[in-house]
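Just so it is clear: chains get the letters A, B, ... in the order the sequence lines come, proteins before strands, and each one is counted from 1.
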There are 2 protein chains.
Amino acid sequence: MKCPYCGEQDSKVVDSRHSEDGSSIRRRRECLLCGKRFTTYEIVESLPIVVVKRDGSRQSFDRNKILNGMLRACEKRPVSLAAMEGVVDDIEQYIQNSLEREVRSEEIGELVMDKLKQMDEVAYVRFASVYRSFTDVNSFMQELNKILAEK
Amino acid sequence: MKCPYCGEQDSKVVDSRHSEDGSSIRRRRECLLCGKRFTTYEIVESLPIVVVKRDGSRQSFDRNKILNGMLRACEKRPVSLAAMEGVVDDIEQYIQNSLEREVRSEEIGELVMDKLKQMDEVAYVRFASVYRSFTDVNSFMQELNKILAEK
DNA sequence: GGTCATTACTCAACATATAGGGTTTTTGCT
DNA sequence: AGCAAAAACCCTATATGTTGAGTAATGACC
């Protein structure tokens, strides 16, 4: 393990601990050349997740697709890119933690909607309108009324 | 190390290799419960990088600031978010690999400009105009002429 | 300035990982 | 399809990491 201070290739482990959930190992290392210490993390390679679309077709999970959907819904809305990325991070991690190798696209949509609802209701309705394929003004109104009623 | 398939906490190492540059270790593990195999990476915790601004003030490195600058320069330009994130990734890694704990903000600006120049010249000039604080139309024209001359 | 939580540090008994060489399979590319 | 590169696999001798417990230092928050 290369020392981040001097570049030496060899280092030894001084301490090693499991993270709370056991999903990673934190090691404290010491460079054999300069003696400086540093921390490393051993993490599981993220396994390829497959998204099952409504028509039954499958494609590999792509976080950028989620982000793009959010970007569209949040255009001109006061939602920062960082916040959106945070949501995508949360969702990605949630799916990874679920131990499932397949997710229905609906499930992802619901997750995004839950988060958006808390962040910006306009963005939420926009997203839902695309996502739930609101076909007429009526269903759009119903959703708006539901939001208003909850207030 | 938690098994990504069944969630069991214990696993054993079956194989372990250094990455080419020694900056990480790839391990092949086998779950003690379900017997499935998976890959892990041990990586150095990224050390806090300090950016030294032109006036000498220091603040911690923030990749979002770089991304924001690029987003502004690339508005309405055919540069994908993914491409911009790729540039930021490259720059972050370049700095991490340099083993320096401090970078001048100018250096970061130059890196961004190099990349942008290859991707989209309009975005490049926009970025440079902010970055180099072009004070008048003249210097802007000079930069444009330089680009044209290079063609 | 005090408190809680997280990270750092040290020690000792025990077990499991490493390095390196070689083979096979998978994946990405044209 | 056909090549090259990367990843997975398997082996053996050797030494290095792991675990638990307790203490100390550091950072975030009020």
Student: Specify the separation, in whole Å, of atom CD of A/E30 and atom P of C/dC11.
Tutor: 12 Å

Student: Could you point out which residue of B/M70, B/R77, B/R72 forms a side chain to side chain contact (heavy atoms under 4.5 Å, CB included) with B/R126?
Tutor: B/R77

Student: Let's go through A/L71 and A/M84 carefully: what are the C-alpha distance in whole Å and the side-chain angles of both, what is the deciding distance for side-chain contact (heavy atoms from CB on, under 4.5 Å) to 0.1 Å, and is it a yes or a no?
Tutor: CA-CA 8 Å; A/L71 282 167; A/M84 289 187 256; 3.8 Å; yes

Student: Is there a donor-acceptor pair closer than 3.5 Å between any side-chain N or O of B/S19 and the backbone N or O of B/S24?
Tutor: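 Yes, the answer is positive, given that a donor and an acceptor are paired below the 3.5 Å cut-off.
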
Student: I need the CZ-C1' distance between A/R26 and C/dC9, as an integer number of Å.
Tutor: 11 Å

Student: If you assign each of A/R37 and A/E20 to its closest nucleotide in DNA chain C, which residue comes earlier from the 5' end?
Tutor: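 Comparing both residues, the 5'-ward one is A/E20.
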
Student: May I ask you to verify if any side-chain N or O of B/R28 is less than 4.0 angstrom from the OP1 or OP2 atom of D/dC10?
Tutor: no

Student: Could you encode protein contacts along nucleotides 14-19 of chain C as a string, one character per nucleotide from 5' to 3', using B for base contact, S for sugar-phosphate-only contact and - for no contact, with a heavy-atom cut-off of under 4.0 Å?
Tutor: ---SSS

Student: How many angstroms lie between atom NE2 of A/H18 and atom CZ of A/R26, to the nearest 0.5 angstrom?
Tutor: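 Atom-to-atom, A/H18:NE2 and A/R26:CZ are 12.5 Å apart.
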
Student: Would you say A/T39 places a side-chain N or O within less than 4.0 Å of OP1 or OP2 belonging to C/dA8?
Tutor: yes

Student: Okay, side chain of A/S11, backbone of A/C3: is any donor-acceptor separation there less than 3.5 Å?
Tutor: no

Student: Apply side-chain contact (heavy atoms from CB on, under 4.5 Å) to the pair A/V13 and A/T40, showing each step before the final yes or no.
Tutor: CA-CA 10 Å; A/V13 175; A/T40 64; over 6 Å; no

